[in-house]
J.: 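Can you read through this structure? Questions will come right after.
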Amino acid sequence: MSAPLRPRPAAPHGPAASRDRAVLGAPVAPRLLTVGVIGAGRVGAVLGAALAAAGHRVVAVAGGSGASRARLALLLPEVPRRPVAAVAHAAADLLLIAVPDDALAAVVADLADRGALRPGQVVAHTSGAHGLAVLAPATEVGSQPLALHPAMTFTGTPDDLARLAGISYGVTAPAQLRPLAARLVADLGGVPEWVAESDRPLYHAALAHGANHLVTLVNEATDRLRDAGVDRPEKVLAPLLRAALENALRLGDDALTGPVSRGDAGTVERHLARLAATAPESVPVYLALARRTADRAIAAGRLRPVDAQSLLGVLADNAREVTA
């Protein structure tokens, strides 16, 4: 278990500090924010703990499930649990809403309808898929909207706190709130990536494609190795996948190796035949990824179009069989 982060000392207060903030264009606000957190899932509990460790005053949190209570006991043991509206009332400076994407709009609308939000209060959410539009009910009552998404996977344990150092946050904010948003991200130990409102779905799709589908891909490979009689597939895959990931991040498409990048149509045809016999559910995934890999290899100059013809024919023939 990771050691808890130490609170940071408060920045100077008073007229000089206020003038500095005014010059930067940030709202004049105390260095230490009074924060409430709605949603004690993996993200909300961890970010609440990180804000507290940075010196902010986390005064209330909403989360009623057994799992939420267990997370709060680990991460925010001194912070009282309150109903959602009470948390919003207590969050004088910053209300952090960390609920599932599809629940976010209803939560914000309900808080606005109940008069739980106030002018000047920053209302932030942690959804990657949403930008500021989902916070329109809060904006209409004078609250300041902020989309603050950590580009990280969470377990909801104290170990997550150590993983926050240096990660990126997809931030969408009105111009006047950008200095405050940048400060919050810095307090969390991260780096802001400014994402336009219209680009939020693309930003989130990229992260989901990379992280969530990677988990699926790894587990597919693990299952097929078990089918091939390998007792400990994770031991076989770990060094190979780590090297492939590091090379891909460092070299881009130049990291491509394997039969598709070489145009080895015969090898790919044998792969598909055995997959069809052993795990037919894996064939469409293999085909889609192989075709996209071939396209990228050709575009990057790793595979000559003339050498790709037989391979692309094999992929096309098998795709027709799958859809027949």
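Owing to the predicted nature of the structure, the values given are computational and were not obtained by experimental measurement.
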J.: As an exercise, state the distance from CZ of Arg57 to CG of Leu33, rounded to the nearest 0.5 Å.
T.: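 Going from CZ on Arg57 over to CG on Leu33, the span is 8.0 Å.
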J.: I'd like to know whether CZ of Arg296 has more than 12 heavy-atom contacts from other residues, nucleotides or ligands below 6.0 angstrom.
T.: no
J.: I need the minimum non-hydrogen distance between Asp253 and Ala300, along with the two atoms involved.
T.: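 In this case the closest contact between Asp253 and Ala300 is CB-CB, 3.8 Å.
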J.: Closer than 3.5 angstrom, by distance alone: can the side chain of Gln144 be matched with the main-chain N or O of Pro174 as a donor-acceptor pair?
T.: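 No, because the side chain of Gln144 does not come within donor-acceptor range (under 3.5 Å) of the backbone of Pro174.
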J.: Would a single hydrophobic cluster contain both Leu96 and Leu161, if residues Ile, Leu, Val, Met, Phe, Trp and Tyr are joined by side-chain heavy-atom contacts under 4.5 Å?
T.: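 Yes; Leu96 is reachable from Leu161 via cluster members.
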J.: Holding to side-chain contact (heavy atoms from CB on, under 4.5 Å), I want the full list of residues that pass it with Ala147, two or more places apart in sequence or in another chain.
T.: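 So Ala147 forms a side-chain contact (heavy atoms from CB on, under 4.5 Å) with His125, Leu132, Thr172, Arg200.
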J.: Between Gln121 (side chain only) and Ala91 (backbone N and O only), is there a donor and an acceptor less than 3.5 Å apart?
T.: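 Such a contact is found between Gln121 side chain and Ala91 backbone.
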J.: Can you tell me how far CG of Leu51 sits from CG of Leu32, rounded to the nearest 0.5 angstrom?
T.: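 Leu32 atom CG to Leu51 atom CG measures 11.5 Å (nearest 0.5 Å).
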J.: Between Tyr203 (side chain only) and Val195 (backbone N and O only), is there a donor and an acceptor less than 3.5 Å apart?
T.: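 The answer is no, because no donor-acceptor pair under 3.5 Å joins these two groups.
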J.: Return the CD to CZ distance between Gln309 and Arg304, rounded to the nearest 0.5 Å.
T.: 10.5 Å
J.: Please check if Leu47 and Val37 belong to a single hydrophobic cluster, counting links between Ile, Leu, Val, Met, Phe, Trp and Tyr side chain heavy atoms closer than 4.5 Å.
T.: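 Yes, same cluster.
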J.: Could you measure the distance from the CG atom of Asp102 to the NE2 atom of His130? Nearest 0.5 Å is fine.
T.: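 Separation between the atoms: 6.5 Å.
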J.: Considering all heavy atoms of both residues, which atom of Ala294 and which atom of Leu311 are nearest to each other, and what is their separation?
T.: CB-CD2, 4.2 Å
J.: Show the numbers, then the answer: is there a side chain to side chain contact (heavy atoms under 4.5 Å, CB included) between His56 and Leu94?
T.: CA-CA 10 Å; His56 297 292; Leu94 171 65; over 6 Å; no
J.: Nearest 0.5 Å please: distance from the CG atom of Leu303 over to the CG atom of Leu312.
T.: 7.5 Å
J.: Applying side chain to side chain contact (heavy atoms under 4.5 Å, CB included), run through Leu272 and Glu269 and close with a yes or a no.
T.: CA-CA 5 Å; Leu272 288 164; Glu269 191 166 28; 5.8 Å; no
J.: Look at the side chain of Glu193 and the backbone N and O of Gly170, then say whether any donor-acceptor pair between them is shorter than 3.5 Å.
T.: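 Side chain of Glu193 to backbone of Gly170: no pair is present.
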J.: So, does Arg163 use its side chain to make a donor-acceptor pair with the main chain of Met152 at under 3.5 Å?
T.: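 Checking the backbone N and O of Met152 against the side chain of Arg163, no donor-acceptor pair under 3.5 Å is found.
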J.: Minimum heavy-atom separation for Ala129 and Ser127, please, with both atom names.
T.: N-OG, 3.2 Å
J.: Answer yes or no: is there a side-chain heavy-atom contact under 4.5 Å between Asp254 and Arg302?
T.: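 Yes. Closest side-chain heavy atoms under 4.5 Å.
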J.: Work out which heavy atom in Ala290 is nearest to a heavy atom in Leu315; give both atom names and the distance.
T.: CB-CD2, 3.8 Å
J.: Is any side-chain heavy atom of Leu289 closer than 4.5 Å to a side-chain heavy atom of Leu217?
T.: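 Sidechains of Leu217 and Leu289: in contact.
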J.: Hey, does Arg178 have a side-chain heavy atom less than 4.5 Å from the side chain of Trp194?
T.: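 Trp194 vs Arg178: side chains touch.
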J.: Report whether Val61 and Leu74 are members of the same hydrophobic cluster (ILVMFWY, side-chain heavy atoms less than 4.5 Å apart, transitive linking).
T.: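 In one cluster: yes.
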J.: Hey, mind stepping through Tyr169 and Leu164 against side chain to side chain contact (heavy atoms under 4.5 Å, CB included) and telling me if it holds?
T.: CA-CA 10 Å; Tyr169 286 76; Leu164 293 180; 3.9 Å; yes
J.: Nearest 0.5 angstrom please: Leu249 CG to Leu245 CG, how far?
T.: 4.5 Å
J.: Less than 4.0 angstrom from a charged side-chain N to a carboxylate O is my criterion; do Arg242 and Glu246 meet it?
T.: no
J.: Check this for me: Glu78, atom CD, are more than 12 non-hydrogen atoms of other residues, nucleotides or ligands nearer than 6.0 Å?
T.: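 No, not enclosed.
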J.: Quick check: closest heavy atoms across Pro259 and Thr267, and the distance to 0.1 Å?
T.: CB-CG2, 3.9 Å
J.: Using the rule that two of Ile, Leu, Val, Met, Phe, Trp, Tyr join whenever any of their side-chain heavy atoms come within less than 4.5 Å, decide whether Leu148 and Val108 are in one cluster.
T.: no
J.: Taking Thr323 for the side chain and Arg320 for the main chain, is one N or O donor matched with an acceptor at less than 3.5 Å?
T.: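 Present.
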J.: Report the C-alpha distance between Val46 and Thr155 in whole Å, list the side-chain angles of each, state the deciding distance to 0.1 Å, and finish with yes or no for side chain to side chain contact (heavy atoms under 4.5 Å, CB included).
T.: CA-CA 9 Å; Val46 170; Thr155 62; over 6 Å; no
J.: State, with a plain yes or no, whether a side-chain heavy atom of His149 is found less than 4.5 Å away from one of Leu207.
T.: yes
J.: In chain order, what residues pass the side-chain contact (heavy atoms from CB on, under 4.5 Å) check against Arg69, with sequence neighbours excluded?
T.: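 For Arg69, the residues satisfying side-chain contact (heavy atoms from CB on, under 4.5 Å) (neighbours in sequence not counted) are Arg81.
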J.: Kindly work out whether a path of hydrophobic side-chain contacts (I/L/V/M/F/W/Y, heavy atoms less than 4.5 Å apart) joins Phe154 to Leu188.
T.: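 Result: yes, single cluster for both.
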J.: So Val79 and Leu72, do their side chains get closer than 4.5 Å, heavy atoms only?
T.: no
J.: Looking at Ile38 and Val99, what are the two nearest heavy atoms and their distance?
T.: O-CG1, 4.0 Å
